[in-house]
Amino acid sequence: MTSSRRARPYPSDLSDERWALIEPLLTEWRAARGGLGIRPPVHDLREIVNAILYLNRAGVPWEYLPHDFPPAKTVYDYFAKWAKDGTTQKIHDLLRTRVRRAAGRSPQPSAVVLDAQSVKTSSNVAESAQGVDAAKKIKGRKRHVAVDTLGLLLLVLVTAASVHDTAGGRDLVGQLAAGFPTVSKAWVDMGYKKSVVEAGSALGIDVQVVVKDPAVKGFVPNVRWPVERTFGWLMLHRRLVRDYEGSERHSASLIHWAMIGTMSRRLTGEAVPSWRDPAPKTDTTSPI
């Protein structure tokens, strides 16, 4: 099995503490796929995850993964399998529960914020999977999301950008009622129409449209602010600034991996190095 200890780690690499959060789930996943047991696994699961986190943060194509990671085709194969069988979702949801508990919240939320984000797509995305967001003049895909009041992702629905926020909102409300029965309150912006409110009411969710006061200038935080922060977290990942994925499932999976990275750092108290961090001071005094 290849080692996860490289001489020069990347900023996106998992620390021992962050790896400990998700290692049991992936070890269990591998054990369940043991096959005949004739040949031991070749690649370290930690390095597979490190490669996915690197790609998502740096924005490189799969084929451009640095050579000190496992082969790109191998990494992509694991990524696709975990997206398809729900492993990525399982890791994500486990960390979300732990973050909520660490913040003194109950495991399941009672209030959510709904919103949508349109992003351009690359040329490898099928024309049938794209659309034009007429309001924002963007041709591509749209991410309809539901987050809790901490900004943690509950649901993500990837569609063509031409799908109206209202249509996505109705779908999200339905999925919330089915998957998160504790949710009783949802906030949306003025782009959502009456049918979302009606759909929520029929399912026991009070959907409230937050109206911005035209007299107030500049940025003023309100109950919808957590979802804007969530989009900010996603935009730190260059692979998410534009949608390159041929599959909508893979688009959603990369969003989950971005949140996995964010939540694991939050749980361990780690920060992401950036150009804003002060450079280490050097001693310029003469030894003479």
Side-chain angles (χ1 to χ4, degrees), residues 92-93 95-97 99-119 133-138 141-159 161 163-177 179-237 240-241 252 255-256 258-259 262-263 265-266 271-272 276:
H92 172 274
D93 292 353
L95 294 184
R96 184 188 63 229
T97 298
V99 171
R100 287 187 58 83
R101 283 176 172 162
R105 308 294 182 91
S106 62
Q108 298 299 318
S110 59
V112 301
V113 186
L114 309 183
D115 206 349
Q117 178 191 51
S118 294
V119 294
D133 183 336
K136 298 180 180 177
K137 306 296 190 296
I138 292 177
R141 280 188 173 139
K142 184 175 288 187
R143 301 156 178 167
H144 308 265
V145 302
V147 305
D148 66 10
T149 53
L150 296 175
L152 305 179
L153 186 69
L154 303 176
L155 295 171
V156 56
L157 175 64
V158 179
T159 69
V163 175
H164 196 276
D165 293 5
T166 300
R170 289 195 298 265
D171 287 343
L172 286 177
V173 167
Q175 292 183 34
L176 282 168
F180 300 89
T182 56
V183 171
S184 59
K185 183 77 174 182
W187 291 286
V188 298
D189 64 21
M190 293 182 291
Y192 290 80
K193 306 301 181 184
K194 185 179 179 181
S195 62
V196 179
V197 178
E198 294 172 343
S201 179
L203 296 169
I205 300 176
D206 177 23
V207 180
Q208 179 182 341
V209 179
V210 179
V211 180
K212 183 179 179 180
D213 186 352
V216 177
K217 304 299 182 181
F219 172 73
V220 178
N222 58 35
V223 291
R224 289 192 59 260
W225 177 73
V227 74
E228 302 299 342
R229 183 175 59 175
T230 304
F231 287 143
W233 289 336
L234 298 183
M235 290 299 97
L236 289 174
H237 300 76
L240 298 179
V241 174
I255 291 172
H256 282 130
M259 292 302 297
T262 299
M263 291 187 294
R265 288 185 183 277
R266 181 164 179 169
V272 181
R276 292 185 178 86

> Which atoms form the tightest heavy-atom contact between W233 and H237, and what is the distance?
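Closest approach of W233 to H237: O-ND1, 3.1 Å.
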> Locate the shortest heavy-atom distance separating L203 from G174; write the atom from each residue and the value.
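Residues L203 and G174, closest heavy atoms: CD1-CA, 3.8 Å.
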> Hey, are S106 and R101 close enough side-chain-wise for a donor-acceptor pair under 3.5 Å?
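Their side chains do not contain a donor-acceptor pair, so the 3.5 Å distance test is not met.
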> Hey, does T149 have a side-chain heavy atom less than 4.5 Å from the side chain of R105?
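Counting from C-beta outward, R105 and T149 do come under 4.5 Å.
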> Closest heavy-atom contact between A177 and I205?
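Closest pair (atom of A177, atom of I205, distance): N-CD1, 4.2 Å.
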> For T159 and R141, test the side chains for any donor-to-acceptor distance below 3.5 angstrom and give the result as yes or no.
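Absent: no donor and acceptor within the cut-off.
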> Going by heavy atoms in the side chains, are Q208 and V188 under 4.5 Å from each other?
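The answer is no, as the side chains (C-beta and beyond) never meet within the 4.5 Å cut-off.
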> Has S118 got a side-chain atom pairing as donor or acceptor with I138's backbone, closer than 3.5 angstrom?
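Judged by distance alone, no pair lies under 3.5 Å.
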> Please report the shortest heavy-atom distance between N222 and R224, naming the atom on each side.
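Of all heavy-atom pairs spanning N222 and R224, the closest is OD1-N, 2.8 Å.
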> Less than 4.5 Å apart, side chain to side chain, heavy atoms only: is that true for V173 and V196?
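Yes, their side chains come closer than 4.5 Å.
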> Looking only at atom types and distance, does a side-chain atom of T182 sit under 3.5 Å from a main-chain N or O of P109, one as donor and one as acceptor?
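At least one qualifying donor-acceptor pair exists.
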> Among L114, V112, L172, whose side chain to side chain contact (heavy atoms under 4.5 Å, CB included) with L154 holds?
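One option only clears the test, and that one is V112.
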> Quick one: closest heavy-atom pair of V241 and M235, and the distance?
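Minimum heavy-atom contact is CG2-O, 4.0 Å.
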> Is any NZ, NE, NH1 or NH2 atom of the basic residue among D165 and K142 found under 4.0 Å from an Asp or Glu carboxylate oxygen of the other?
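Judged by the 4.0 Å cut-off on N to carboxylate O distance, D165 and K142 do form a salt bridge.
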> I'd like to know if the side chain of S201 and the backbone of V197 have a donor-acceptor N/O pair within less than 3.5 Å.
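Answer holds: no.
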> Can H92 and L153 be said to form a side chain to side chain contact (heavy atoms under 4.5 Å, CB included), step by step?
CA-CA 9 Å; H92 172 274; L153 186 69; 3.7 Å; yes
> If you look at every heavy atom in A116 and F231, which pair is closest and at what distance?
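Looks like C-CZ, 3.9 Å.
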> Compare all side-chain heavy atoms of M263 with those of L152 and state whether any distance is below 4.5 angstrom.
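Result yes, sub-4.5 Å side-chain heavy-atom pair found.
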> Please check if the side chain of R143 supplies one atom and the backbone of Q117 the other of a donor-acceptor pair under 3.5 Å.
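The answer is no, because no donor-acceptor pair under 3.5 Å joins these two groups.
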> Within a strict 4.5 Å, meaning less than it, do heavy atoms of the E228 and V113 side chains meet?
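Side chain of E228 against side chain of V113, heavy atoms only: no contact under 4.5 Å found.
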> Would you say the side chain of R100 lies within less than 4.5 Å of the side chain of D148, judging by non-hydrogen atoms?
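In short, these two side chains touch, coming nearer than 4.5 Å.
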> Could you walk me through whether V158 and V156 pass the side chain to side chain contact (heavy atoms under 4.5 Å, CB included) check?
CA-CA 7 Å; V158 179; V156 56; 4.3 Å; yes
> Check whether any side-chain N or O of T166 sits under 3.5 Å from a backbone N or O of Y192 as a donor-acceptor pair, and report yes or no.
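No, because the side chain of T166 does not come within donor-acceptor range (under 3.5 Å) of the backbone of Y192.
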